[in-house]
Amino acid sequence: MSVTTEICEPLAVLGADVEVPLASGEKVGYAALDYAASAPALKRVWDDVAAYAPYYGSVHRGAGYLSQLSTDLFEQSRRTVAEFLDLRDGDQVVFTRATTDSLNLLAGAVPAGTEVFAFETEHHASLLPWRREGLAVRYLRAPRSHAEAVAALEEALLGAAEGPKLFCVTGASNVTGELWPVKELTAVAHRYGARVVLDAAQLAPHHRVSVRELDVDWVAFSGHKLYAPFGAGVLAGRSDWLDAAEPYLAGGGASRTVARELDGSVAVEWHTGPARHEAGSPNVIGAYAIASACRALDEAGFEALEARERALVAKLTDGLAGIPEVRVLNLFGEGSDRVGVVSFVVRGWNSSHFSAALSAEYGIGVRDGLFCAHPLVRTLLGGESGAAPHQEAVCGAPEPSLPGERSLNAIRVSFGAGTPVEHVDRFLTAVRELVSDGAKWSYRNEGGRCVVDTRR
């Protein structure tokens, strides 16, 4: 039996029948292979949102039927997400705009004097929010194995000063797709009194995330990577630091009472719980979309989804391994477990040029660059992790032939539950043809983007 027949059908997503124009003037079905940036919405989620839309109303403070309906739906969405994440008793779910927003919210709630630990391999969303007054941040060098990561964290915590500590870790890399040993790292962190926040932006769409099992203190993820449309995200976990902090946003909804004082000032009593950090009118449709995606993934079964994705990952990596000019980027070595995210460079090609050719000549959408994880990509490509080298605005094959040595950017292909086998097959065919035959069209740099040169 072939690999193709062993892989079950994808989940239905929006855009599966969209056609895009090629440079030749032909049209072809779009192969969306940029799930790590934003995954297409599940059709089930879109249908749920469309069914609710006529009943949309203000949340929490309306007496009318639609307001009460919307409030019930919003709070039920919170309970659905809590069940999806297998939260502990007393944990809370705060709806945010995305993972970045969630981690910035938590950074504002971390007690003054906290020492924060993070590997330099993190996405900028989990690397940068801790750089604020009152917090000390220690960035750990990129490990090359799970064991090295665990040992590096333990060594760092062993030498840490007394006081509150927080460790931030990704569940799956947005660059290599590799899974991190979250449970083992959390055990070490807790042994030394450090709390743990899990960046699950790339993990949650691909693997079940149980806060109870992993024992992390908080988890953050984005709806737009979990097959849900609209700008909503989640921060979920322990309530004590969140309830003790000033509200993330000051305004209606976060305040329990507001009173004018005799001296002319205003006294405020803030809510505890999720409302404390959800000031303003909440994104009820975004929250409902996330909850719908959680239900859809649960019903599809993560065991089946993970098995399907492993088969696609094997098909992709085996195919790329057969192309000598391609170098797949790995932090933990070949064969390490990963989700459907793979980054690579092609000898003789600038990554922007290669990605543009995939789009213009094959209708394949991927991503190129440093993927908001600059230190990690530079480390993987052999550059200095702390350096910020000049990025040449070129579009074509650089010299020397290894693009990572000069332009320090890569190509990322990513997929998930909605990806048909044909898209992976088409991608591998395109890579082979571009490597062996070159691009059929000329390209130029336009505003920092590589585009087909139509000026001839």
| D368 vs H353, side chain to side chain donor-acceptor pair (under 3.5 Å): CA-CA, chis, key distance, verdict | CA-CA 9 Å; D368 66 273; H353 184 196; over 6 Å; no
| request: Would you please indicate if the ring centroids of F74 and H60 are separated by under 6.0 Å? | output: yes
| Is a side-chain N or O of Y227 found less than 3.5 angstrom from the main chain of A417, in a donor-acceptor match? | yes
| query | Closest heavy-atom contact between P229 and W46? | reply | CG-CE3, 3.9 Å
| query | Any luck finding a side-chain donor-acceptor pair between Y248 and N104 under 3.5 Å? | reply | no
| request: Verify, without hydrogens or angle tests, whether R412 (side chain) and F371 (backbone) share a donor-acceptor contact under 3.5 angstrom. | output: no
| task | Using atom types as modelled and distance alone, determine if a side-chain donor or acceptor of R212 lies under 3.5 Å from a backbone N or O of L87. | result | yes
| query | Could you go step by step and tell me if T272 and D243 meet the side chain to side chain donor-acceptor pair (under 3.5 Å) rule? | reply | CA-CA 5 Å; T272 56; D243 283 346; 4.8 Å; no
| Would you call the rings of F302 and F84 parallel, tilted or perpendicular, where under 30° means parallel and over 60° means perpendicular? | tilted
| Do T71 side-chain atoms and V59 backbone N/O form a donor-acceptor pair below 3.5 Å? | no
| said: Pair S336, E178 - check side chain to side chain donor-acceptor pair (under 3.5 Å), show working. | reply: CA-CA 7 Å; S336 55; E178 293 168 304; 2.7 Å; yes
| message | For a quick test of reading the model, state the closest non-hydrogen atom pair linking A430 to I364 and the distance between them. | response | CB-CD1, 3.9 Å
| field | T121: partners by side chain to side chain donor-acceptor pair (under 3.5 Å), with sequence neighbours left out | value | none
| message | Assess whether a salt bridge exists between D298 and R208, defined as any Lys/Arg side-chain N lying under 4.0 Å from an Asp/Glu carboxylate O. | response | yes
| said: Quick check: do I411 and R367 have side-chain heavy atoms less than 4.5 Å from each other? | reply: no
| query | Donor-acceptor pair, S414 side chain versus Y35 backbone, under 3.5 Å? | reply | yes
| said: Go through it in stages, so that I can follow the logic: the residues are R97 and N283, the test is side chain to side chain donor-acceptor pair (under 3.5 Å), and I'd like the CA-CA distance, side-chain angles, deciding distance and then a yes or no. | reply: CA-CA 9 Å; R97 291 180 297 174; N283 181 359; over 6 Å; no
| said: Tell me whether E26 contacts the main-chain N or O of P21 through its side chain, where contact means a donor paired with an acceptor under 3.5 Å. | reply: no
| query | Would the F332 and H146 ring centres measure less than 6.0 Å apart? | reply | yes
| query | Can you name the nearest heavy-atom pair linking W180 to A149, along with the distance? | reply | CZ3-CB, 4.1 Å
| request: Look at the rings of F119 and F167 and say which category their plane angle falls in: under 30° parallel, 30 to 60° tilted, over 60° perpendicular. | output: perpendicular
| For the ring pair Y288 and Y52, is the centre-to-centre distance below 6.0 Å? | yes
| task | Please confirm whether the backbone N or O of E306 pairs with a side-chain atom of H206, one donor and one acceptor, at under 3.5 Å? | result | no
| message | Using a 6.0 Å distance limit plus a 45 degree cone around the ring axis, check whether R195 lies over the aromatic ring of W241. | response | yes
| Heavy-atom pair of closest approach, residues V188 and L157 | O-CD1, 4.1 Å
| task | Answer with yes or no whether the side chains of H190 and D215 bring together a donor and an acceptor at under 3.5 Å. | result | yes
